[in-house]
Structures are given as structure tokens and as C-alpha cells.
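See structure below.
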Amino acid sequence: MIQRALWPLWLLLLTGCDALMFRTGFDDVEDAVMYTADSLTDAPDTADEVLVINHNIKYGGGRLLFFWECGGTRYNMTETEVKRHLDAVIDFINETEPDILMLQEVDVLSQRSAYIDQVQYILDRTHLNHGAYASQHKSDFLPSDGMGKMDFGNATLSRWPITEATRYALPLVEEYPAYYQYFYLKRHILDATVKLPGHSNVHVVNTHLEAFSDDGTKRKQIDRFHAHLADLDSEGAHIIAGGDLNSLPAGSVVLKEFADECTGESRFEGDNYEGEEDWLDELFADFTSLMPIEAYAEDNGPWHSYTGDTEVGWTRTLDYLFTNGTWLEGEVMQSEEQGGYETLPLSDHAPVRAVWEAGQ
Amino acid sequence: MNAFICTLLAGLFSSTAFAGAGASHGTAEVFEKGEWEVGLYAPLRRGMGKGIELSIHPLVAIRSPHIALKKAWNTGGEWRIATRHSLMHPTPLLRSLAREGTGGIIVADAVIPAIVASDNRFIASHDVGESSTISVSARVMLGVEFGESSWPSIDMPLSYTRTAAYRDGVATALGAQLDGKVVGTLHYRVDVDGWVLPNSEAQWASEVKTTLHWRPTDGFTAQAGATAVVAEYPYGNNWHVLPAFDLIFRW
């Protein structure tokens, strides 16, 4: 009883001291962190067709199974491991040569990934010149699972300069106790304005939405993402949007008990998307998805972009690309056969690739 | 419920308390025979006579057996001299911190060997005016690991320096402390320490602890203040300001 009464005091102490101690907080709207490659590579003078790739790279963890995954035992990676995984992602980037790359789950200063700034590491080893980064989980010391210092989030990389980039905070998970929420992930929208040659007002909007919430937080975040795109659209912006929405589209055949579901010990219950079937409908209605919803309804398989088990293969669709313009072509790069690259070893998510027709 | 937060804050408080709590801490003063002192976070101290004082933190000792001996040396000069030597076995405490979930300060797959460490300080104190004392100190922590070892550094203020010797064999520090009276029963303490960690990945830290002490009677002191830490960590330089608070009873 006494401890419960002290909750507000603890919280006040923590939040009041945030800037001096843990530093987990963000403003509702704040500038993103800007990056430039060590040496710049000539970027094309024209950009009528833009190759866009979206990829959740699992903080350079490759296919290691971490403690939070089914059967996972790993915690901190060695520097060698992180670089080996990142180099594999870099090989993929250099082979596919995207003009714009949207990344989720990028570590920039985390003990678990040997404090390698993954945005800078990738920029310095690819043709991509400029980057914008926004953190979704930041703490000078995270006193849980031995994670220590943590800073990971979303990054948008581009051949061409990024003139402006802003982090817009998304609603927090309200069902968590205040102290847990204080240290928990804080989702956001990263909106980067890319200076595309011959085109103006091009916004690349990158997000990674909540995976675990039963209180409707994910729905609120989807709606906020939709509203952000709608605002940009009404202002005449050309939009490239994407990310890991942690949601299934309408027409999904399997909503729970996926083939890669954990049958052993696991920290989390199996994913269950029942009741969420229509949450993405407005996004699909108002913007052009790379994945035609009719095609998806006919055959879910080619659009699957996530699996927790490499033996099973890709099991569900979590990663998306949207625009208010036109996609000329694209696919989920699942394998040599579909996408021309064996992507299963890179991460638990498959890259989503598309060619965008630049608007005037 | 909130064991996590309570543990966290208690850990912070106790850490800072170790760095400066107690009426004679950080000075060359030693309790007279039969004198006792204990704080919420400060250790239990007892004067043993012949210029010797023993101290132990009862709660911490359950998980990290240790004892400290402070000895005053008769110099006959204006500077009073004392040395303090402690021996500790932090392995059980470190292993209890290596666990899954909230409160896990070290990763659960860490391999923490048997560790024996000692903390040795030379302290010299000199009165300045009627109500102030300046103390200077030199400190060497030494640690030895026995068996396989694979555990990450604890990259947070105060903890990094104080566990460096456990991991890397040695940690050193020089310090200066000024104790004095503000007015009436209100006293102050400013304690500055500079750490050098020659074998560690991050090699320096500086700490400034400033506290006000209210001593309404000889038997009770309330301390409050803050510790500012500017330090190198394996990820780079960083700074923090941590609260410091204690209630100390003496008899």
C-alpha cells in the first residue's frame, strides 16, 4: 500500500531527473539526427524513377536468436558479429543499389551491438550519402535484461541530400505501468525531405509501429501515420512512405498460430491479429500500396515479409510501402527466386523493394 | 509492484552514499572506541580503539561479503593521517545482478568468476580555520578473478569506476574533500575525485559530490545533495547528476 502510494513520487523523481540521469524522453516534435557519409558518391542528376527499399535490419543481429525470441539465448553481440551481419546487409545494399533506403531497428549507440553506429557504418560503405535518424528506444542505462545503454530507431538513407528531417512522436502504450512506459520503446514517424533532382517537396516517411499492445495503441499509431500522410498529401507533397507496421492487411488467411510460432519457452505469447483485420483499410484506400490488396487476397505468400524461424520461411506481411504517386514495379525480396537475393540470413524481416515514379 | 524502481533508486542512492556518507568519511578522523554509526545507505562503523575503526555495510554484505579497516597514524604534525583498507568478494552480488527481466543490470549469460578485491586509501586531513577541514586522498583498488570470465562492463556512472578493478585488475583515484560549517547545525561537504583506470577500455572519470548536512544533535545527521559525474565510457564521454541522500545515526 505504501509502495503504491509512492508511485507518483518515484515517477516524479525519474521524469524530473530524466535530463540528468537516464535520458529516455523525447519531445513531441523534434529534429532528427542528420548523417553524412565519410566520402560522398556521385548521385544521379536525374531522378524520374527512384528505387526505394524498406528493411527492418534487427539491429545488425542477423539470424542470431536473442533472449526475447523463441529458443533464443543471446544477449550482447561481439563487435565481430555485428560487423559480419552489417557487412551482409551492406553487400545486399551494394548489390541492389537503392536510391532511398528506409531502415527500422538500427542501433546507433547500444551496448548489445558493441556501440557501433550502424547508420554511419552503412553510409560509409555504400553509395548512399546522406541519412536521417530518429531513436525509438533510448536510455543511458536500461536496467533490464542487462541491456545497459540503448539507442535504436529508424533511419532513412539517400543518395541525395536530406534537407530536413523531423521526428514526430506517436502515442505510447497506455496499458503499461508508468515506470515501465518510462523505459519502454517510444514509437515515432521519421519524416525526411529529400532533395530529389528535378523534383521538389519529396517526403520520405518511415515508421515502425507497436508490436505488443492490447489497449489499441497500435490502432492509434496507424491512424496517426495515416493522418500524417494525409496532411502531407493535402500540402501537395510527394510521398514515399513505408515501414514495419506490425499489422496484417485485410485478406490475410492466417491471423494467429503462425507456422513459426514458438512451441517451446518464450517470453511472449504467439502473435494474434484477430480483430485488427480492418486497421490498415484507410491507408490502403487513401494511398497506393506497392502490394495491391486484391493480389494479396488472392495469394498472401509472395507478400510475406517476416519470419521468426528460417526453417519455416516467411510467414506474414508486416512491412509496407505506400505513396500518393505511382509504383512502377516492386516486390518483397524473399529469395533468389523472388527478388533476386537470398535475404533470409540478413534479418527476421525481408526487404521490400519498389520503383517509384517521381511526381512533378 | 515497483520493486524495480525501488531497487534502482536504492542502488543509486546507496552507491552515492558509499562515496561520501558518514561524519568522518573521507577524512583522517577515526571513531573513538565504542562509538557506532550507521546510515540508511552508509555502512555500519565502530571505533575499536587504538586508532582503529571497522566498517561493514550489513545489507550489501549479504550479497557482497566485505569488511573495511581504517587506521589512524600518529604523526604529531598538523596533518592527521589515516589509511583505510577493505577486502571484498563481490561475486555473489554481481551474479545476482546478471539476470533476465527488470533489474537485470548485467546480461544473464554473463560468466562471472570468483573475484577478490581490495580497496586501499591514504587520507590526510588538515584543519583550515576554526570550522573547516580539508582532506586529500589517494586510492588504489585491486581485483583478481579466478576462473573463466566473460561479463560486460557496467557502463553507468559510479558503477563503472567501482567495478573496474573487478574486471580489469586495478582502479586508482585521487581526491580532495572540504568539510565545514555553513551556519548553526548546518554543515557542508564538497568531495572531488578523479579516477584513472589504466587497464580499462574507458580510462577516466571525475566526480564532484556536494552535500548539505543537518546535525541537530551529535547522534543524527541528515544529508542531501548531488553527485555530478563526468566520465569516459566504452561508448564515449557522458555526464550525469545523481541524487545523494542519507540519514545517519551515531551513538
Side-chain angles (χ1 to χ4, degrees), chain A residues 1-23 64-68 72-79 107-117 139-151 176-180 182-184 265 267, chain B residues 1-13 15-16 94-112 150-160 163 201-202 224-245:
Chain A
M1 184 67 182
I2 292 173
Q3 285 193 329
R4 188 168 291 277
L6 287 173
W7 264 32
L9 178 62
W10 296 135
L11 190 63
L12 182 67
L13 187 60
L14 277 176
T15 53
C17 296
D18 181 56
L20 304 177
M21 293 168 62
F22 295 102
R23 302 188 175 106
L64 292 180
L65 285 177
F66 294 96
F67 64 93
W68 47 268
T73 57
R74 291 299 307 272
Y75 286 81
N76 292 345
M77 292 180 279
T78 65
E79 184 176 330
D107 273 9
V108 296
L109 208 58
S110 301
Q111 188 169 31
R112 66 182 181 181
S113 54
Y115 294 123
I116 292 172
D117 186 333
S139 178
D140 272 8
F141 194 88
L142 196 60
S144 177
D145 294 301
M147 286 203 269
K149 184 164 176 58
M150 173 70 71
D151 190 346
Y176 293 150
Y179 75 90
Y180 193 84
Y182 174 79
F183 284 111
Y184 188 67
E265 279 192 28
R267 178 171 291 205
Chain B
M1 81 79 191
N2 215 345
F4 161 66
I5 287 290
C6 296
T7 304
L8 181 68
L9 292 173
L12 277 174
F13 287 152
S15 297
T16 51
L94 293 171
R95 286 178 178 163
S96 71
L97 296 174
R99 57 191 173 93
E100 289 187 0
T102 51
I105 302 297
I106 300 171
V107 287
D109 64 351
V111 179
I112 298 170
S150 176
W151 55 290
S153 54
I154 302 173
D155 300 343
M156 60 186 296
L158 305 178
S159 300
Y160 188 83
T163 56
E201 187 176 354
T227 303
V229 182
V230 181
E232 183 184 26
Y233 298 94
Y235 60 83
N237 298 341
N238 204 348
W239 65 272
H240 299 88
V241 178
L242 310 171
F245 169 77

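Excluded from the calculations below are hydrogen atoms, water molecules and symmetry mates; all remaining heavy atoms, backbone and side chain alike, are included.
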For [X] versus [Y], what's the shortest heavy-atom pair and its separation?
X: A/R23; Y: B/W239; value: NH2-O, 2.7 Å
X: A/D140; Y: B/N238; value: OD2-ND2, 3.0 Å
X: B/S153; Y: A/Q111; value: O-NE2, 3.0 Å

Open item on the list: Tell me whether A/D145 contacts the main-chain N or O of B/E100 through its side chain, where contact means a donor paired with an acceptor under 3.5 Å.
Closed with: no

- [ ] Would you mind reporting whether B/P243 and A/M21 have side-chain heavy atoms less than 4.5 Å apart?
- [x] yes

TODO: Report yes if some heavy atom in the side chain of A/F183 is under 4.5 Å from a heavy atom in the side chain of B/T102; otherwise report no.
DONE: no

TODO: Look up atom CZ in A/F141 and atom CD1 in B/I154, then write down how far apart they are to the nearest 0.5 Å.
DONE: 6.5 Å

Open item on the list: Using heavy-atom distances under 4.5 Å, tell me whether A/Y75 contacts chain B through its side chain, its backbone, both, or neither.
Closed with: both

Task: Side chain / backbone / both / neither for A/S110 at chain B, heavy atoms under 4.5 Å - done: neither

